[in-house]
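Only this structure's heavy atoms are used, side chains among them; waters, hydrogens and symmetry mates stay out. The sequence lines fix the lettering, A, B, ..., with proteins before strands; numbering per chain opens at 1.
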Protein chains: 2
Amino acid sequence: METFGDIIRTAREGKGLFLRQVAAELDIDQAIISKFERTERKPTKEQVLKFAKFYKIDKGELLVAWLSDRVAYELMTEKDHERILIVAEEKIKYLKSKRTPEQV
Amino acid sequence: METFGDIIRTAREGKGLFLRQVAAELDIDQAIISKFERTERKPTKEQVLKFAKFYKIDKGELLVAWLSDRVAYELMTEKDHERILIVAEEKIKYLKSKRTPEQV
DNA sequence: TTAGTTTTGACAAATTTCGTCAAATCTAAT
DNA sequence: ATTAGATTTGACGAAATTTGTCAAAACTAA
């Protein structure tokens with residue numbers, strides 16, 4: 001169960017890079033990357049894709065980690081999170097079925 | 001599978017009230033309530049609780065509808081929504097287990 | 001200590017969300 | 001067809017949240 005931050009920190013360490021170097025490469029302030037790695041700030045989708053490309057991490061995998069982080073932090077303090085997720089799942093299926101192919 | 005909007009619209013109609021009346025009672029602009037009912041805008045948690053109290057709807061139920069709406073709209077356009085929710089669930093359990101009783 | 005890396009925190013900039021309002025639209029009755 | 005009343009729409013500024021920048025503080029390993 002890795003957070004987005006865990007993944008990009010592990011990837012950076014695996015490549016033996018400093019924050020400074022990644023920051024220069026991705027044109028993102030190193031302070032922000034430090035915060036991403038410690039789950040203190042949430043990246044934008046664009047930034048997630050930058051990381052995926054740079055570290056050669058599967059895009060889909062990284063997006064799953066990122067979005068699940070977002071949902072988790074959104075529901076962390078709520079009761080009934082299990083039911084909320086079940087109902088959300090139904091709603092998503094319904095909403096997706098209503099969308100036109102162009103939107104998919 | 002009712003949205004928050006469905007629920008409060010049904011409740012209002014059940015009581016035979018006009019938007020204007022609910023708006024006056026809850027001190028929320030009627031245009032906004034109209035948008036809530038059609039899921040065009042998302043209410044704040046405070047507003048959700050106002051509706052629950054006014055319509056005598058179970059607070060927990062209404063919060064589940066509201067939060068699941070939020071999650072659903074957040075993931076509606078994403079692939080792998082099923083996996084995202086599964087991973088989110090694990091993360092929530094983990095995060096909750098780490099919190100102190102005071103935070104619960 | 002020192003040199004290099006990471007983390008922290010304060011601040012401004014940018015974006016998103018929110019509330020207000022009036023006009024437009026819709027509906028039902030006469 | 002007109003009117004009265006209800007709902008919806010859209011534009012706008014205000015408020016709140018998120019984001020980026022920077023420098024200083026805190027770490028770490030020699």
Query raised in the report: C:dT15 C1' sits how many Å from A:E46 CD, rounded?
Result: 14 Å

**Report entry** For atom NZ of B:K45 and atom C1' of C:dT17, their distance in whole Å
**Finding:** 18 Å

Report summary line: Rounded to whole Å, CD of A:E74 lies from P of D:dT18 at a distance of 11 Å

Requested in this report: Specify the separation, in whole Å, of atom CZ of A:F36 and atom P of D:dT18.
Outcome: 13 Å

**Report entry** Nucleotide nearest B:R38 (side chain, heavy atoms from C-beta), chosen from D:dG20, C:dT20, D:dT8
**Finding:** D:dT8

Report task. Determine whether any donor atom in the side chain of B:K35 lies under 3.5 Å from an acceptor atom in the base of D:dG10, or the reverse, and answer yes or no. Result -> yes

Query raised in the report: Does the pair A:E2/B:K91 count as a salt bridge with the N-to-O cut at 4.0 Å?
Result: no

Report task. Using the salt bridge (Lys or Arg N to Asp or Glu O under 4.0 Å) rule, take B:E78 and A:K45 through it: C-alpha gap first, then chi angles, then the decisive distance, then the call. Result -> CA-CA 11 Å; B:E78 303 292 339; A:K45 188 172 192 172; 3.2 Å; yes

Query - Nucleotide C:dT17, atom C1' - distance to CD of B:Q47 in whole Å - result: 11 Å

**Report entry** Value in whole Å for how far the C1' atom of C:dT7 lies from CD of A:E37
**Finding:** 11 Å

Query raised in the report: Can A:R20 and A:E25 be said to form a salt bridge (Lys or Arg N to Asp or Glu O under 4.0 Å), step by step?
Result: CA-CA 9 Å; A:R20 168 171 40 82; A:E25 200 66 40; over 6 Å; no

Query raised in the report: Quick one, which residues of residues 12-34 of chain A touch DNA chain C with a heavy atom under 4.0 Å?
Result: A:R12, A:F18, A:L19, A:R20, A:Q30, A:A31, A:S34

Query raised in the report: How about A:K59: does its NZ atom have over 12 heavy atoms from other parts shown lying under 6.0 Å from it?
Result: no

Query raised in the report: Should the pair A:E74-A:K42 be classified as a salt bridge under the 4.0 Å nitrogen-to-oxygen rule?
Result: no

Report task. Determine, for A:K93 against A:E89, whether the closest basic-nitrogen to carboxylate-oxygen distance falls under 4.0 angstrom. Result -> yes

**Report entry** Between D:dG20 (P) and A:K42 (NZ): distance, integer Å
**Finding:** 14 Å

Report task. Answer yes or no: does a side-chain N or O of A:R41 lie under 4.0 Å from OP1 or OP2 of C:dT7? Result -> no

